[in-house]
Amino acid sequence: MFNKVPQQLFIDHDGWKRYWEEYDKAAVDSRDAYTVKWWQELNIPAAPVVDKIDQLLPRADWGSEHNFSWKGDEDDKEDNDCSIHTHSKNYSIKEFQFRTDLRNAEKAGTFLSAMLRICSAEEMLVMDNQGKLMKPSPADVMPSLEKSSAVRFLMNPKAFIEQALRNL
């Protein structure tokens, strides 16, 4: 359908920053990685993916008939989360995202490995918050994870916060 899979997708970070600053007044580039409807014609049934995630995480209170949400146990340093939004007509996946809590390496590894197996079984790619596309394997995901803001924060919270404040 897309002919070629690029290694990196464009994310209009400045556009999204303006959008959230002015909420619904600012326009965001319509070809940004977050606004393209990647799932629209794929018709991947949500039910098998939902069933697998139900085995990993408890459902969150804020889900609905077409929007499934899961939330881990923050108190137990297992605050992984996931959400799937489906098309109302055929319950196929419209949006799918997950976040891994990295505070406990063993628990993070277990959750991330399970999510990557789900993505692999459904022939999905993983995209980081910079728009980099990766195969759903630990070897492909780890370099991006190691460069993530979450890891930078965990390794040196003070330096991370100081850098964030300089960027304001």
Side-chain angles (χ1 to χ4, degrees), residues 5-39 49 52-53 55-63 67-85 93-120 122 124-168:
V5 177
Q7 290 184 343
Q8 182 85 29
L9 298 176
F10 170 68
I11 297 177
D12 184 8
H13 291 287
D14 291 334
W16 282 103
K17 183 178 178 185
R18 284 191 314 274
Y19 174 82
W20 290 115
E21 285 172 354
E22 301 180 30
Y23 196 57
D24 59 353
K25 297 176 189 170
V28 176
D29 185 329
S30 63
R31 293 303 295 172
D32 165 289
Y34 291 131
T35 59
V36 173
K37 296 180 177 13
W38 301 105
W39 304 86
V49 178
K52 290 174 186 174
I53 297 169
Q55 303 303 309
L56 298 173
L57 289 174
R59 292 264 183 112
D61 297 345
W62 54 84
N67 300 310
F68 300 90
S69 296
W70 296 264
K71 187 74 170 161
D73 184 358
E74 185 173 349
D75 294 333
D76 196 25
K77 293 188 178 183
E78 205 167 358
D79 191 20
N80 306 303
D81 57 51
C82 184
S83 65
I84 292 178
H85 300 272
I93 295 176
K94 184 162 113 178
E95 182 182 316
F96 174 42
Q97 61 184 4
F98 65 91
R99 184 185 60 85
T100 306
D101 183 341
L102 300 173
R103 293 176 292 173
N104 180 302
E106 184 178 334
K107 291 177 181 182
T110 299
F111 176 74
L112 183 59
S113 293
M115 293 304 294
L116 294 177
R117 282 192 301 276
I118 291 169
C119 291
S120 182
E122 298 298 328
M124 298 175 186
L125 294 174
V126 176
M127 181 179 83
D128 68 12
N129 64 352
Q130 300 302 313
K132 182 179 178 190
L133 291 174
M134 300 155 275
K135 292 178 184 173
S137 73
D140 289 300
V141 172
M142 285 308 293
S144 174
L145 191 58
E146 289 168 348
K147 294 177 189 171
S148 72
S149 57
V151 168
R152 287 195 327 265
F153 175 78
L154 288 171
M155 298 304 285
N156 191 339
K158 183 179 179 192
F160 179 85
I161 291 170
E162 288 170 351
Q163 179 66 43
L165 292 172
R166 283 193 296 274
N167 291 336
L168 288 177

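FYI, side chains are in, hydrogens and waters are out, and symmetry mates aren't considered; it's all heavy atoms of this structure.
Note that CG of D81 and CG of L57 are 8.0 Å apart. Values are rounded to the nearest 0.5 Å. The structure places NE2 of H85 at 6.0 Å from OG of S69, a figure rounded to the nearest 0.5 Å. Here CD1 of I84 is found 13.5 Å from NZ of K94. Values are rounded to the nearest 0.5 Å. Atom OG of S120 sits about 10.0 Å away from atom CG of L125, to the nearest 0.5 Å. Taken from CG in D140 to CE in M134, the straight-line distance is 8.5 Å, to the nearest 0.5 Å.
Ring geometry for F98 versus F96: interplanar angle of 30 to 60°, hence tilted.
Of all non-hydrogen atoms in D128 and S144, the two that sit nearest each other are OD2-OG, 2.6 Å. Between L56 and A114 the shortest heavy-atom distance is CD2-CB, 3.5 Å. Across all non-hydrogen atoms, the minimal contact from I53 to C82 is CD1-SG, 3.6 Å. Looking at every heavy atom in both residues, V151 comes nearest to E146 through CG1-O, 3.6 Å. Counting all heavy atoms, side chain and backbone alike, F153 lies closest to I161 at CE1-CD1, 4.1 Å.
Side-chain contact between V49 and M124 is present, with heavy atoms from C-beta onward closer than 4.5 Å.
The side chain to side chain contact (heavy atoms under 4.5 Å, CB included) test with L112 singles out one residue from D101, L102, L145, V126, and that residue is L145.
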Audit row: T100, M115, side chain to side chain contact (heavy atoms under 4.5 Å, CB included) steps and yes/no: CA-CA 9 Å; T100 306; M115 293 304 294; 5.8 Å; no
Does the side chain to side chain contact (heavy atoms under 4.5 Å, CB included) test come out yes or no for W70 and N80, once each step is laid out? CA-CA 8 Å; W70 296 264; N80 306 303; over 6 Å; no
Where do D79 and R99 land on the side chain to side chain contact (heavy atoms under 4.5 Å, CB included) test, with the steps shown first? CA-CA 9 Å; D79 191 20; R99 184 185 60 85; 3.4 Å; yes
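By the side-chain contact (heavy atoms from CB on, under 4.5 Å) test, A164 pairs with no residue at all, sequence neighbours left out. Residues that satisfy the side-chain contact (heavy atoms from CB on, under 4.5 Å) test with K107, not counting sequence neighbours, are D76, E78, N104. Not counting sequence neighbours, R152 has no partner by the salt bridge (charged side-chain N to carboxylate O under 4.0 Å, His left out) test.
Other residues, nucleotides and ligands contribute over 12 non-hydrogen atoms within 6.0 Å of the NZ atom of K52.
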